[in-house]
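Positions are given from 1, in the same order as the sequence printed here.
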Amino acid sequence: MALARFGRQVKRQHGVCVKMTAVAILGLCFIFVWSMFSSPSTSVSVQRESFDDIAEPVASGTMVSKSKGNELEKHDSNDRKKKVESDLKKKDEKKVNGSLPSLAHEHKSGKKNEKHVSNRKKDKDKPKVSSEVSKENQENQKQEESQGEEAEKETEEDEEVVVDGKEEGLDGEGEEKVEMEGDADVGESVDQQTEEVVENESEGKKRKIKGPVFDPKAHYSWKLCSTRSKHNYIPCIDVESGFTRLQSYRHGERICPKAPPMCLVPLPHGGYDSPVRWPESNLKILYKNVAHPKLAAYMKNHNWLSKSEEYLMFPQNQSEFKGGVVHYLESIEEMVPDIEWGKNIRVVLDVGCSDSSFVASLLDKDVLTLSLGLKDDLVDLAQVSLERGFATIVSPFARRRLPFPSGVFDAIHCGQCTIPWHSHEGKLLLEINRILRPGGYFILSTKHDSIEAEEAMNTLTSSICWNVLAHKTDDVSEVGVKIYQKPDSNDIYTLRRRKNPPLCKEQENPDAAWYVPMKTCLHTIPSAIEQHGTEWPEEWPKRLETYPEWLNNKEKAIDDTKYWKNIVDKSYLTGMGIDWSTIRNVMDMKAIYGGFAAALLQQKIWVMNVVPIHAPDTLPFIFERGLVGIYHDWCESFGTYPRSYDLLHADHFFSRLKNRCKHPVSIVVEMDRILRPGGWVIVRDKVEILDPFEAILRSLHWEIRMTYSQNKEGIICAQKTTWRP
């Protein structure tokens, strides 16, 4: 009866509307029935090597272009793998036509100089869409990097890879025989050893197939880099494409090339001679090693450095501060007696790197100072600091966090400071507050402050509850010095009348630092016993052997220290053929507890402890010991000048990469860039990794000084030469 009544309604005057309603209802019913019976029980997908530990693949990790998929099919003899890739192509084509344009648009809003995908032709858009999307979550995904991964296991044997939103497309190192030539577009090569993950949703099982880190069949030919900054090329800092003559040759933020450089940085025009040995390098260095047109002009107006024949000289007690840097440091200690250089204060950050005599004088007081060379330092004073033998990095300081954990620097200094701390809602000062230890000191020296700037600075420091301990203008130096102290508890935050800046949310990880935007909120002071920063460290040097309550697995940290002391004393110092009197700047490319650096402390060297972002976050403990370090992703170039280090140490570094990087050979190229001619590398790893690694070093004309292997483990000690193609 209902159907008959419905039929009569259709024939009436308004029957058209009824017909359309009926069609819509029938369509919805069909979709519901179809969805109930068409859900698959299993899924098969190919996963990129750089995302091998993600439970749910993100959009940027699942995109594969047709051309790359076809290349993989040509090289695969396995029928099952062909089926996997063909299924993936069908799935990805749907995504390309769907959600990708909006993702690309979001990426554009977060980065400058990025072209919108819709402005390109459709037939050209598909092959590039993977790399575009893989960058769009750069700021957000990197906030969830390993620095904040509390669930990661503590030991190096149990390291887990954490996803890095920076990586693009398929990860690997080209085809079976790769010709690495100059600035070739290696980004288009596809690795045959791509990791494959076959997943059964019902059982939750995964099976991974990984290829070697280095292709043992590869052949290498090298060319010099042809870059704007020439022999001082810093890949992720320097602008090398789309620039104009009027444009600064350095990025406002860290921006790396889509494909890592596979070329060799040339030597300076006059060549590069062996650096002056420490401690003599504290007083003079070879001018030709750091020669720069703007450096010559800079020396005319500054008396703390001068040229004498072939040397760049640094007269004792000459500095930017009139009356000498020694007088400057003594006046600071007089203003605040609790600042006991070398005891209470051990680890200092010097922002700006304008006068390395400040760092040199603090070193005499047993203070380890890390200089932050800013990206707009066109005089390259950071390079001068490195050549002298001081701990220095180069980094932009504008919108992203510095690559350090929270609350680790005992004091932060900005001499002759011109940074507008109060601008942009005080983001820069809030970042200083993040990395400054609770109860730590911020020492600011300026000349001729404007009344407006001083009032704005007073308002900002009051809003974050910094206490002004001292403020005076030194009669001799004519420099106004103001010393602030960060609160050591949260009680004072509750007394603020205006909650601006607001407190950060509880889920906001203060230690997350790699590609994380600066925040305009105030992190609370750690109070729980399991948090680092709740107490001030022991005085130096006692703090080197002190293991705080918040450190998990104290026994492993103690064993690590003993282990490296034994290795260094019985092997490295005597059995490698290294003249340690020529070694000053050292990098541990995969530091854990800082045991290697602690073992070398008596050799009068400093060690940059690099904690990879995919490894457990042990960097706070390294700072707690009175050492320095940094977070870094080795799929990208390190923030330093070419020829910065005398020795690079890598203990099971390549085997722990777990095929994260798109071009692992580029890491060896980076090692060649940052190591000085005559510098050394010590690499301990599996023999299957060391054999092709040795072949790469030989292609670079390095001298293999020592090799040893036992039980599938081995060690290579090699020395870089002055060879350039």
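- No donor-acceptor contact under 3.5 angstrom links the side chains of Q603 and Y572, judged on distance only.
- The structure places OG of S395 at 9.5 Å from CZ of R400, a figure rounded to the nearest 0.5 Å.
- A search for side chain to side chain contact (heavy atoms under 4.5 Å, CB included) contacts involving P526 returns P438, Q531, T534, not counting sequence neighbours.
- Distance check: I583 CD1 to I578 CD1 gives 6.0 Å after rounding to the nearest 0.5 Å.
- In this structure the side chain of E636 reaches within 4.5 angstrom of the side chain of R254, judged on heavy atoms.
- Residues R625 and E545 are in side-chain contact: their nearest non-hydrogen atoms beyond the backbone lie under 4.5 Å apart.
- No side-chain N or O of D488 forms a donor-acceptor pair with one of W536 less than 3.5 Å apart.
- K554 NZ: more than 12 foreign heavy atoms inside a 6.0 Å radius.
- Contact of the Y641 side chain with the V394 side chain is registered, since non-hydrogen atoms from C-beta on lie closer than 4.5 Å.
- Judged as a salt bridge (charged side-chain N to carboxylate O under 4.0 Å, His left out), and not counting sequence neighbours, the contacts of R346 are D366.
- Side chain of H614 to backbone of R656: a donor-acceptor contact under 3.5 angstrom is found.
- Remark: the backbone N or O of P612 is not paired with any side-chain donor or acceptor of K590 at under 3.5 angstrom.
- Listed by chain and number, the residues in a disulfide (SG to SG under 2.5 Å) with C504 are C521 (sequence neighbours excluded).
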Show your reasoning for whether side chain to side chain contact (heavy atoms under 4.5 Å, CB included) applies to I667 and C661. CA-CA 9 Å; I667 302 175; C661 298; 4.0 Å; yes
Take Y593 and T561 through the side chain to side chain contact (heavy atoms under 4.5 Å, CB included) test and state the conclusion after the steps. CA-CA 8 Å; Y593 295 108; T561 300; 5.7 Å; no
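- Note: W634 and F638 have parallel aromatic rings, judged against thresholds of 30 and 60 degrees for the angle between ring planes.
- Here the side chain of N509 pairs a donor or acceptor atom with the backbone of D511 at under 3.5 angstrom.
- For the residue pair S406 and P510, the shortest heavy atom distance occurs at CB-O, 3.6 Å.
- Not a single donor-acceptor pair under 3.5 Å links the side chain of W564 to the backbone N or O of A597.
- With K427 contributing its side chain and R399 its backbone, the two residues share no donor-acceptor pair below 3.5 Å.
- For R437, the side-chain hydrogen bond (donor to acceptor under 3.5 Å, both in side chains) partners two or more places apart in sequence, or in a different chain, are D410, E624.
- When every heavy atom of P501 is checked against every heavy atom of L430, the shortest pair comes out as CG-CD2, 4.0 Å.
- When every heavy atom of L697 is checked against every heavy atom of A718, the shortest pair comes out as CD1-CB, 3.8 Å.
- For C717 against W680, the heavy-atom pair with the smallest separation is SG-CE3, 3.5 Å.
- H523 meets the ring pair (Phe, Tyr, Trp, His ring centres under 6.0 Å) test with no other residue; sequence neighbours excluded.
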Run the numbers on R584 and D646 for salt bridge (Lys or Arg N to Asp or Glu O under 4.0 Å), then give the verdict. CA-CA 6 Å; R584 172 61 183 171; D646 301 306; over 6 Å; no
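- The closest side-chain heavy-atom distance from C635 to R660 is below 4.5 Å.
- Residues R401 and I435 have side chains not in contact (no heavy-atom distance under 4.5 Å, counting atoms from C-beta outward).
- Remark: side-chain polar atoms of N490 are paired, donor with acceptor, to backbone N or O of I525 under 3.5 angstrom.
- Taking OG of S666 as the start and CG of D672 as the end, the distance is 12.5 Å to the nearest 0.5 Å.
- For S571, there are no side-chain hydrogen bond (donor to acceptor under 3.5 Å, both in side chains) partners two or more places apart in sequence or in a different chain.
- When all heavy atoms of A557 and L551 are compared, the closest pair comes out as CB-CD2, 3.8 Å.
- One distance of note links CG of L690 with CZ of F693; it measures 7.5 Å at 0.5 Å rounding.
- Rounding to the nearest 0.5 Å places CG of L627 at 12.0 Å from CG of L370.
- Taking the ring pair (Phe, Tyr, Trp, His ring centres under 6.0 Å) definition, one finds that W540 meets it with nothing, sequence neighbours left out.
- Across all their heavy atoms, G626 and L368 have their closest contact at O-CD2, 3.8 Å.
- Judged as a side-chain hydrogen bond (donor to acceptor under 3.5 Å, both in side chains), and not counting sequence neighbours, the contacts of Q710 are Y708.
- In this structure Y441 satisfies the ring pair (Phe, Tyr, Trp, His ring centres under 6.0 Å) test with no other residue, sequence neighbours excluded.
- A distance-only check finds a donor-acceptor pair linking the side chain of N585 to the backbone of L386 [under 3.5 Å].
- Shown here are the side chain to side chain contact (heavy atoms under 4.5 Å, CB included) partners of S489, two or more places apart in sequence or in another chain: D491.
- The shortest distance between side-chain heavy atoms of L675 and W702 falls below 4.5 Å.
- Contact of the P235 side chain with the R673 side chain is registered, since non-hydrogen atoms from C-beta on lie closer than 4.5 Å.
- At least one side-chain heavy atom of M518 sits less than 4.5 Å from a side-chain heavy atom of F397.
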Could you go step by step and tell me if L349 and L436 meet the side chain to side chain contact (heavy atoms under 4.5 Å, CB included) rule? CA-CA 9 Å; L349 179 69; L436 184 62; over 6 Å; no
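- Residue pairs meeting the side chain to side chain donor-acceptor pair (under 3.5 Å) criterion with at least one partner in residues 685-695, sequence neighbours excluded, are S655-D685, E694-R698.
- Taking the six-membered ring for Trp and thresholds of 30 and 60 degrees, F409 and F623 have ring planes more than 60 degrees apart, a perpendicular arrangement.
- Not counting sequence neighbours, the partners of Y547 by the ring pair (Phe, Tyr, Trp, His ring centres under 6.0 Å) test are F621.
- Among D588, I622, I630, L648, the one residue that satisfies the side-chain contact (heavy atoms from CB on, under 4.5 Å) test with V610 is I630.
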Can M587 and T640 be said to form a side chain to side chain contact (heavy atoms under 4.5 Å, CB included), step by step? CA-CA 12 Å; M587 175 185 287; T640 191; 5.7 Å; no
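- Looking only at distances, a side-chain donor or acceptor of R434 sits under 3.5 Å from a matching main-chain atom of F404.
- Residue I412 holds its CD1 atom at 4.5 Å from CD1 of I432, rounded to the nearest 0.5 Å.
- Judged by distance alone, with hydrogens and angles left aside, the side-chain atoms of N609 form no donor-acceptor pair with the main-chain N or O of G594 at under 3.5 Å.
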